[in-house]
Number of protein chains: 2
Amino acid sequence: MDINNEQSMEQTILEVAERLFLEKGFAMTSTTEIAKEVGCNQALIHYYYRTKDNLFNVIFEQKFKTFFQGIFELQNLGEIPFLDKLKYIIESHYDLLTKNPKIPSLILNELSRQPEQLNTLKDKLHTLPEQLFAELNRELQSEIENGRVRNIALVDLLISMLSLNLALFIMMPVVENLLSLNETQKGILITHRKTENVEFILKSLRP
Amino acid sequence: MDINNEQSMEQTILEVAERLFLEKGFAMTSTTEIAKEVGCNQALIHYYYRTKDNLFNVIFEQKFKTFFQGIFELQNLGEIPFLDKLKYIIESHYDLLTKNPKIPSLILNELSRQPEQLNTLKDKLHTLPEQLFAELNRELQSEIENGRVRNIALVDLLISMLSLNLALFIMMPVVENLLSLNETQKGILITHRKTENVEFILKSLRP
DNA sequence: TATTTATTTAATAGACTTATTAATACAACG
DNA sequence: CGTTGTATTAATAAGTCTATTAAATAAATA
């Protein structure tokens, strides 16, 4: 496990902990186990991170940010047509999920463990999506008025987009097992559902 | 907690355990805590159910069955048009989720804890969906050929349906918190998304 | 080199967990 | 009434988990 010649212990612990927390969640991962995988003494975990909670929150906060900032940083889209923009947003979001397939489950599981955490995190996300929403809404209304998109509320559209993208990744551990998918097949499914989701949404928006 | 004058202890334990497992998951619920909520001695849990694992699996299996049988028992639909049938399936599924909003999270969380469990459960679900799928596929193909539905694979349609229905309930704990929804508002959202999902899907299927 | 500082370990306290066992209360029944 | 079987409890073994402390080692610095 530890051919981490050059890497600092502190960093190695963080990485191992991240992997284990993502795999098995907070409750099912012990500092003892992290230490064993790192190949160090268990006290060292506490030396660097004081408490298990703290270690977890360091990781969690980082993942949370990665994730939500990834969703909202949709600048430099400029003046492309609305539906193209939508396609781009769906695909970016899907790509983000593909790169971080286990973050959603982590967030959903652990936020119900410590719901207060949400308020702390809400503040730290000053990347206010309001602006983005407002602009998208303006464009959507314009498309509807011009008869290029059927009548639909932005919030409903966004929930549907989010649902279609997110669900596959949340269900993946079960799907994988149930259908006995190997890595290749899993990859094919993921790639396929990306285009499928875009098509499904755009087709639904036709006037 | 226990004005369970007439109910047997064995049953009370099961019900309290069910509630706690659904609320907080397997790892975060101790037999000590279950006993405390039931108002009995902790040894009694083990007297009736031997191990915590066993108690959990009794509950889990039952929920798993409730859930998947609920999905697949779509008899007596008879000769109604394909799109009506689809609407009915989506709505039934959504109603099932509304009645059991926490089961999906339970299944997703705990199946990754003990993946072997899936094989056991797979066998017990002899309600083979193959027949249903075959029939649905026949009807879908017919609709496509007759130009009443755009070209789409059944499996993709089903995944999209499942995703749209499931995602809201899985995200609900976070959504609820993030938007500070009270029970009423939550109910409104859930009701609204039911019709929205049906519309979103049917609109997408237009040729 | 000597001394301070940072890293790492061994040992362990203290809390909690699951599970078992033996003892007790309670019921039914002959 | 006394006996038998079930339901329930108290006590506790054995293990794990987090966190702390003091000692040992390694690194840095003067």
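By convention in this document, chain letters (A, B, ...) are assigned in the order of the sequence lines, proteins followed by strands, and residues within each chain are numbered from 1. What you see is a predicted model; the values in this text were computed from it and never measured. Below, each value reflects all heavy atoms present in this structure, side chains not excepted, and no hydrogens, waters or symmetry copies.
- Regarding A/Ile45, its CD1 atom lies at a distance of 12 Å from the C1' atom of D/dA19, rounded to whole Å.
- What separates NZ of B/Lys52 from P of C/dT17 is a distance of 9 Å, to the nearest Å.
- Checked by atom type, the side-chain pair A/Asn57/A/Gln114 shows a donor-acceptor distance below 3.5 Å.
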Steps toward salt bridge (charged side-chain N to carboxylate O under 4.0 Å, His left out) verdict (B/Glu199, A/Arg150): CA-CA 11 Å; B/Glu199 183 177 6; A/Arg150 73 170 169 92; 3.5 Å; yes
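- OP1 or OP2 of C/dT18 lies within a sub-4.0 Å distance of a side-chain N or O belonging to B/Thr32.
- In this structure, B/Lys102 forms no cation-pi arrangement with B/Phe21, as its terminal cationic atom is not both closer than 6.0 Å to the ring centre and no more than 45° off the ring axis.
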Test side chain to side chain donor-acceptor pair (under 3.5 Å) applied to A/Gln131 and A/Glu135, step by step: CA-CA 6 Å; A/Gln131 202 183 339; A/Glu135 193 190 323; over 6 Å; no
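- There is no side-chain donor-acceptor pair under 3.5 Å between A/Thr32 and A/Gln42.
- Listed pair B/His46 / C/dA19 meets the phosphate criterion, a side-chain N or O lying under 4.0 Å from OP1 or OP2.
- D/dC17 atom C1' lies 12 Å from atom CD1 of A/Ile34, rounded to whole Å.
- When B/Leu20, B/Asp53, B/Leu106 are each tested for a side chain to side chain contact (heavy atoms under 4.5 Å, CB included) with B/Phe26, only one passes: B/Asp53.
- The nearest whole Å value for the distance from the CD1 atom in B/Ile13 to the P atom in D/dA7 is 11 Å.
- Contacts with DNA chain C (heavy atom under 4.0 Å) in residues 55-62 of chain A: none are found.
- With respect to A/Lys186 and A/Glu183, a salt bridge is recorded, a charged nitrogen being found less than 4.0 Å from a carboxylate O.
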Sub-3.5 Å pairs of nitrogen or oxygen atoms, protein against nucleotides 7-11 of chain C:
from	atom 1	to	atom 2	distance (Å)
C/dT7	OP2	A/Tyr47	OH	3.1
C/dT8	OP2	A/Tyr48	OH	2.9
C/dT9	OP2	A/Asn41	N	2.8
C/dA10	OP2	A/Asn41	ND2	3.4
C/dA10	N7	A/Asn41	ND2	3.4

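- Ring pair A/Phe67/A/Phe60: centre-to-centre distance not below 6.0 Å.
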Shorter than 3.5 Å, N or O on both sides, protein versus nucleotides 22-24 of chain D: list them out with atom names.
none

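- Between A/Arg113 and A/Glu110 there is a salt bridge, since at least one side-chain N of the basic residue sits less than 4.0 Å from a carboxylate O of the acidic one.
- Within 6.0 Å of the NZ atom in B/Lys87, the count of heavy atoms belonging to other residues, nucleotides or ligands does not exceed 12.
- Counting non-hydrogen atoms of other residues, nucleotides and ligands closer than 6.0 Å to CZ of B/Arg50 gives a total of 12 or fewer.
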